[in-house]
Amino acid sequence: MKTDLQLILKPFILFIFLSSLSFIAFLSLQPPHQSPPTTAAPDRLPSDLRIRPGYSSYDAYLQRQLNKTLDPKLRQIWTTRDWDRKVTVFSAFFDNLKTRGLLSNGSRSLCIGARVGQEVAALKRVGVSDSVGIDLVPYPPLVIKGDFHHQPFDDRSFDFEFSNVFDHALYPWKFVGEIERTLRPGGICVLHVLVSKRADKYSANDLYSVKPLEEMFKKSELVELRGIDGFGLDTEVVFRKNKT
């Protein structure tokens with residue numbers, strides 16, 4: 001009788017075990033629950049900066065960003081026909097920054113919201129070998145997983161930070177605060193932004209002048225401002241973190 005019971009139970013136990021493994025594997029593929037950044041919003045948003053409405057939660061915001069980043073057609077374009085063109089253009093931008101003394105081969109560098117890492121590849125091409133990108137979706141070895149509202153790095157980790165996705169920040173003050181936290185004193189931050197026009201449908205904020213950036217970079221000084229033609233963005237803003 002005992003043997004008969006064991007014969008009946010063994011397949012059932014095996015089924016439960018395999019079902020558990022499948023459920024665990026399913027969970028591992030799901031995006032982790034995200035809580036909104038803990039940094040409180042300022043009492044008053046800077047003038048000329050507007051946050052787009054319509055996000056019921058931080059998870060809803062993240063999911064919308066992932067809808068673009070994980071779009072298979074876009075990822076195919078970014079990694080094939082767009083790759084060489086973007087790496088070439090970013091290389092020219094970074095070479096120009098080196099000429100102006102704002103970037104060097106020895107700069108430890110971070111690209112924020114780097115998607116598949118064209119910016120990182122460009123930095124390496126011009127000789128800035130210690131470079132990495134962060135994005136919600138990793139693209140090894142150039143881009144690791146990270147939320148720009150809460151960078152996965154220690155304080156004072158980088159000499160140089162670059163981003164052209166400021167408009168995708170739901171909490172711009174947190175985006176800026178994380179840059180200033182992870183920049184070393186004297187470090188350089190370069191942002192490519194769109195001023196006075198609405199950005200794409202995945203943007204979370206609209207910027208109508210550079211004044212909000214000056215207000216939010218509380219530990220840095222604006223050192224350069226110039227017009228550019230950078231994949232739909234029109235302004236390059238350069239900040240240097242204070243040494244004290």
Side-chain angles (χ1 to χ4, degrees), residues 32 34-42 46 49 58 61-62 65 69 90 93-94 97-98 101-124 126-193 204-205 207 210 212-224 236-244:
Q34 298 284 344
S35 298
T38 55
T39 299
L49 175 63
Y58 193 62
Y61 157 77
L62 288 177
Q65 297 305 308
T69 306
F90 282 128
F93 280 133
F94 294 139
L97 289 169
K98 289 176 71 176
L102 299 168
L103 176 66
S104 72
N105 286 353
S107 299
R108 188 180 186 213
S109 301
L110 173 67
C111 295
I112 302 165
R115 290 180 183 161
V116 295
Q118 295 106 327
E119 305 99 308
V120 183
L123 281 167
K124 292 178 181 292
V126 302
V128 188
S129 57
D130 191 1
S131 302
V132 70
I134 60 169
D135 203 281
L136 292 173
V137 179
Y139 192 79
L142 299 177
V143 181
I144 67 172
K145 185 175 182 178
D147 183 342
F148 53 50
H149 289 114
H150 187 70
Q151 290 187 21
F153 305 109
D154 293 334
D155 296 356
R156 303 183 176 193
S157 291
F158 298 98
D159 304 296
F160 175 84
E161 299 193 25
F162 169 80
S163 186
N164 61 359
V165 297
F166 174 82
D167 60 296
H168 286 256
L170 183 62
Y171 306 119
W173 57 91
K174 181 63 174 174
F175 178 96
V176 170
E178 284 294 277
I179 291 173
E180 292 196 312
R181 179 182 68 79
T182 56
L183 262 185
R184 292 169 181 161
I188 295 293
C189 170
V190 176
L191 299 181
H192 286 179
V193 297
N205 72 72
L207 186 68
V210 299
L213 294 175
E214 292 184 78
E215 289 185 44
M216 288 186 290
F217 274 89
K218 299 181 183 300
K219 300 177 182 178
S220 308
E221 63 173 332
L222 177 65
V223 293
E224 287 196 14
E236 182 176 85
V237 191
V238 181
F239 288 92
R240 179 180 284 112
K241 185 177 176 180
N242 301 331
K243 293 184 177 181
T244 55

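Below, all heavy atoms of this structure are taken into account, side chains as well, without hydrogens, waters or symmetry copies.
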Side-chain heavy-atom pair [X], [Y] within 4.5 angstrom cut-off:
X: F94; Y: V128; value: no
X: Q118; Y: L142; value: no
X: Y139; Y: T69; value: no
X: L110; Y: L183; value: no
X: P46; Y: M216; value: yes
X: Q65; Y: L136; value: yes
X: D159; Y: I188; value: no
X: V237; Y: E224; value: no

*asked:* Can you tell me how the ring of F217 sits relative to the ring of F239, calling it parallel under 30°, perpendicular over 60° and tilted otherwise?
replied: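 Ring orientation, 0 to 90° scale: parallel.
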Closest non-hydrogen atom pair, [X] against [Y]:
X: N242; Y: S220; result: ND2-N, 3.7 Å
X: I144; Y: P138; result: C-CB, 4.0 Å
X: F166; Y: N205; result: O-ND2, 2.9 Å
X: V238; Y: L222; result: O-CD1, 3.4 Å
X: G133; Y: A114; result: CA-CB, 4.0 Å

*Output yes when R181 and D155 qualify as a salt bridge under the 4.0 Å nitrogen-oxygen rule, no when they do not.*
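Salt bridge flag = yes for D155 with R181.
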*asked:* Between R115 and D135 (salt bridge meaning N to carboxylate O under 4.0 Å), is one present in this structure?
replied: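 No.
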Distance, nearest 0.5 Å, that separates [atom1] of [X] from [atom2] of [Y]:
X: R108; Y: S157; atom1: CZ; atom2: OG; result: 5.5 Å
X: I134; Y: I112; atom1: CD1; atom2: CD1; result: 6.0 Å
X: D167; Y: L191; atom1: CG; atom2: CG; result: 10.5 Å
X: D130; Y: L123; atom1: CG; atom2: CG; result: 10.5 Å
X: N164; Y: F93; atom1: CG; atom2: CZ; result: 9.0 Å
X: K174; Y: I179; atom1: NZ; atom2: CD1; result: 12.0 Å

*Going by the side-chain hydrogen bond (donor to acceptor under 3.5 Å, both in side chains) test, name the single residue among K241, Q151, R156 that passes it with T182.*
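With T182 as partner, K241, Q151, R156 yield a single side-chain hydrogen bond (donor to acceptor under 3.5 Å, both in side chains), made by Q151.
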*Start with the C-alpha distance between H192 and F162, add both sets of side-chain angles, then the distance that settles ring-ring contact (aromatic ring centres under 6.0 Å, His included), and finish with yes or no.*
CA-CA 8 Å; H192 286 179; F162 169 80; 4.9 Å; yes
*Is a side-chain donor-acceptor pair under 3.5 Å present for E161 with S109?*
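Short answer, no.
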*Cut-off 3.5 Å, side chains only: do H149 and E178 have a donor facing an acceptor?*
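Result is no, nothing qualifies.
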_With side chain to side chain contact (heavy atoms under 4.5 Å, CB included) as the criterion, how do L62 and D147 come out once you've worked through the C-alpha distance, each side chain's angles and the decisive distance to 0.1 Å?_
CA-CA 9 Å; L62 288 177; D147 183 342; 4.2 Å; yes
_Would you say the ring centers of Y58 and Y171 fall short of 6.0 Å from each other?_
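Judged by ring-centre distance (under 6.0 Å), Y58 and Y171 do meet the cut-off.
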*Examine F175 together with H168 and report whether their ring centres are nearer than 6.0 Å.*
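Not under 6.0 Å, so no.
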*Do F90 and V126 pass the side chain to side chain contact (heavy atoms under 4.5 Å, CB included) test, and can you show the C-alpha distance, the side-chain angles, and the key distance before you say yes or no?*
CA-CA 10 Å; F90 282 128; V126 302; over 6 Å; no
*asked:* Around atom NZ of K219, are there more than 12 heavy atoms from other residues, nucleotides or ligands closer than 6.0 Å?
replied: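 No, the 6.0 Å shell around NZ holds no more than 12 heavy atoms from other groups.
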*R240 vs L102, side chain to side chain contact (heavy atoms under 4.5 Å, CB included): CA-CA, chis, key distance, verdict*: CA-CA 9 Å; R240 179 180 284 112; L102 299 168; 3.9 Å; yes
